[in-house]
Chemist: 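Quick one: structure below, then a few questions.
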Amino acid sequence: MKAMIREPALAPEGLLKIEWVQKHMPILNEIRRDFSERRPFAGMRVGICLHLEAKTAYLALVLKAGGAEVAICGSNPLSTQDDVCAGLAEQGVAVYAHHGCTAEEYNTFLNKVLDTRPELVIDDGGDLVHLLHTDRRELLPDIIGGAEETTTGILRLKAMEAEGTLAFPMVAVNNGACKHLFDNRYGTGQSTWDGIMRTTNLTVCGKTVVVAGYGWCGKGVAMRAKGLGARVIVTEVDPIAANEALMDGFQVMPMIEAAKLGDFFVTVTGCTNVIRAEHFAVMKDGAILANAGHFDVEINKNDLMAMAQSHRPARRNIEEFVLKDGRRLYLLAEGRLVNIAAADGHPAEIMDLSFALQALSLEYLINNAGQLPPKVLPVTREIDLKVASLRLKALGVEIDELTPEQQRYLASWRHD
Ligand SMILES: NC(=O)c1ccc[n+]([C@@H]2O[C@H](COP(=O)([O-])OP(=O)(O)OC[C@H]3O[C@@H](n4cnc5c(N)ncnc54)[C@H](O)[C@@H]3O)[C@@H](O)[C@H]2O)c1
């Protein structure tokens, strides 16, 4: 079967969504024009596991325009949009996904993508690559390389690299400047609040927001919470990041203290059990819990369930837990990425940058096939600069160029 999707009849709605984002993704539009002429992926098979909504669909179509046969599954059951899947399948992409799929179906979909014997992979969180290194090792000889989208996936790849088990080169797209500076910070910053606000329909101004983790994502989430008028508390485990949060004007304290004060909690650490029983025990009645980190492990749902005398859906994407002392805590989007599971993810203009890095990094892998080590590789400086320059060009923004004298000055150590 070329696709496993829920509702093929939704294709027209999905195609409209893809058309909308396409209008706001000028970098990918330019790459698509170039790929269509040169067809760098002619005859090549690409397997993708990404949040399956409109921006991702457009990336798949850009690769297809470059000649690739593309198979795709969603990286999170709640982020998959069935209409987009239908639209993409109609465009000739092999789509294996539906919204709210079970863990078993998710595994089937990953395997279906791998059944197409991809030569290049794009992963988000590392599940596709993990499967290739465990149950589907027979496919490893076909793989030229891949690219990883997010911080958590890169942590897993680095662990494999350190163990010597990584079998092919993986470009750490997340670590590219045109990814984390914009996607993690401004993308997560905006879309996390979009997800929380559209789900709860509550004010943020005047509330206390606790942000766990002050990395690239946490900086964005905290910055936008402040802009919305909240008092922001940051929790951290890294003394440098904690100092950064202090100098950016936020309060910093351990979670056990912050837990007593917060109206909203947002975890963005990439770590596990960041909010757990001891914290739920001291939270205010009505506190709202959301996660924007990659996996749904940052807020301990088992603890919450064990401490609750009852629970029920309070509203779409909100679960109410009534604790034994009568306090109510609210968990958004099952503790999964709130910006994607309860909203539409990052704005198209942001994903334009991230996915441009993906597309160009895949081309880099085939241009250097067989010559790259099986390691976690950086996005090349040329690709980062190209993507940044394409964006400025699309915006009509010009910048200065170094004069020859300035270049000499910057490259020399002598006082001339
Ligand atoms: N929601 C999205 O759309 C989106 C986008 C990009 C990345 N992510 C994910 O968000 C997570 C964070 O990404 P990032 O790029 O900000 O990572 P990062 O490495 O830049 O920052 C993570 C921060 O969390 C801190 N931290 C770790 N464990 C902690 C703990 N127990 N308590 C408090 N702080 C802790 C670290 O010290 C670090 O400063 C990852 O899982 C990443 O994959 C999500």
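All ligand and atom numbering here is 1-based and tracks the order in the structure.
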Chemist: Should you measure from each heavy atom of Thr150, which atoms of ligand 1 turn up under 4.0 Å away?
Modeler: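 So the answer, numbered in order with elements, is 6 (C), 7 (C), 8 (N), 9 (C), 42 (C), 43 (O).
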Chemist: Closest heavy-atom contact between Lys207 and Thr203?
Modeler: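 Shortest heavy-atom separation between Lys207 and Thr203 comes out as NZ-O, 2.8 Å.
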Chemist: Can you list the steps and then say if Lys23 with Glu19 is a salt bridge (charged side-chain N to carboxylate O under 4.0 Å, His left out)?
Modeler: CA-CA 6 Å; Lys23 288 196 187 89; Glu19 199 183 304; 3.7 Å; yes
Chemist: Please confirm whether Phe109 and His98 have ring centers closer than 6.0 angstrom.
Modeler: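 Yes.
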Chemist: Any N or O on Leu337 sitting closer than 3.5 Å to an N or O of ligand 1?
Modeler: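 N/O-N/O distance below 3.5 Å does not exist for this pair.
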Chemist: Could you give the distance from CG (Asn174) to NE2 (His180), rounded to the nearest 0.5 Å?
Modeler: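 Those atoms lie 7.5 Å apart.
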Chemist: Just distances here: any N/O of Cys217 and N/O of ligand 1 closer than 3.5 Å?
Modeler: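 Checking ligand 1 against Cys217, an N or O pair does fall under 3.5 Å apart.
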Chemist: Before signing off on this row, confirm whether Thr152 and ligand 1 have an N or O atom pair separated by under 3.5 Å.
Modeler: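 Between Thr152 and ligand 1, an N or O pair is found under 3.5 Å apart.
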Chemist: If we only count N/O pairs under 3.5 Å, is Asp183 in contact with ligand 1?
Modeler: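 Among all N and O atoms of Asp183, none is under 3.5 Å from an N or O of ligand 1.
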Chemist: Any pair with a residue in residues 226-240 that passes side chain to side chain donor-acceptor pair (under 3.5 Å), sequence neighbours left out, goes on the list, sorted by first then second residue, please.
Modeler: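 Those involving residues 226-240 are Thr208-Arg231.
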Chemist: Out of Glu236, Met351, Lys219, indicate the one that has the non-hydrogen atom closest to atom 38 (C) of ligand 1.
Modeler: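 The nearest heavy atom belongs to Glu236.
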Chemist: Going by heavy atoms, is His180 under 4.0 Å from ligand 1?
Modeler: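 Not so, His180 does not reach ligand 1.
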Chemist: Say whether Lys179, considering both its backbone and side-chain N or O atoms, lies within less than 3.5 Å of an N or O atom on ligand 1.
Modeler: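 No, there is no polar N/O contact under 3.5 Å.
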Chemist: Go through the steps for Asp344 and Arg198 under the test salt bridge (charged side-chain N to carboxylate O under 4.0 Å, His left out), then give the verdict.
Modeler: CA-CA 11 Å; Asp344 287 318; Arg198 74 163 85 166; 3.7 Å; yes
Chemist: Determine whether more than 12 heavy atoms belonging to other residues, nucleotides or ligands lie under 6.0 Å from atom CG of Leu402.
Modeler: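 Yes.
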Chemist: Taking only heavy atoms of Cys271 into account, list the atoms of ligand 1 that are under 4.0 Å away from them.
Modeler: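 In order of numbering, the contacting atoms are 28 (N), 31 (N).
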Chemist: Just by distance, do the side chain of Ser75 and the backbone of His51 share a donor-acceptor pair under 3.5 Å?
Modeler: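 Yes.
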Chemist: Within a distance under 4.0 Å of any heavy atom of Asn184, pick out the atoms of ligand 1 and give their elements.
Modeler: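 Under 4.0 Å from Asn184, ligand 1 has these atoms: 6 (C), 7 (C), 15 (O).
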Chemist: May I ask which of Thr235, Asn76, Val237, Val266 has a heavy atom nearer to atom 26 (N) of ligand 1 than the others do?
Modeler: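 Closest candidate by heavy-atom distance is Val237.
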Chemist: Please classify the His346 to ligand 1 contact at 4.0 Å (heavy-atom distances, strictly less than): side chain, backbone, both or neither.
Modeler: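 Side chain only.
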Chemist: If hydrogens are left out, which of Val268, Thr188, Thr192 has an atom nearest to atom 5 (C) of ligand 1, that is, the closest non-hydrogen atom?
Modeler: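 Going through Val268, Thr188, Thr192 one by one, Thr188 has the nearest heavy atom to atom 5 (C) of ligand 1.
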Chemist: Can you list the ligand 1 atoms lying under 4.0 Å from a non-hydrogen atom of Gly270?
Modeler: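 Within the 4.0 Å cut-off of Gly270, ligand 1 contributes 11 (C), 40 (C), 41 (O).
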Chemist: Heavy-atom distances under 4.0 Å decide this one: backbone, side chain, both or neither, for Asn339 against ligand 1?
Modeler: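 For Asn339, the contact with ligand 1 is made by the side chain alone.
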Chemist: Counting from 1, what ligand 1 atoms have a heavy atom of Trp216 closer than 4.0 Å?
Modeler: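 Answer for ligand 1: 16 (O), 20 (O).
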Chemist: Is any side-chain N of the basic residue among Glu69 and Arg45 closer than 4.0 Å to the acidic one's carboxylate O?
Modeler: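 No salt bridge links Glu69 with Arg45.
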Chemist: Are any of the N or O atoms of Glu298 closer than 3.5 Å to those of ligand 1?
Modeler: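 For ligand 1, there is no N or O atom that lies under 3.5 Å from one belonging to Glu298.
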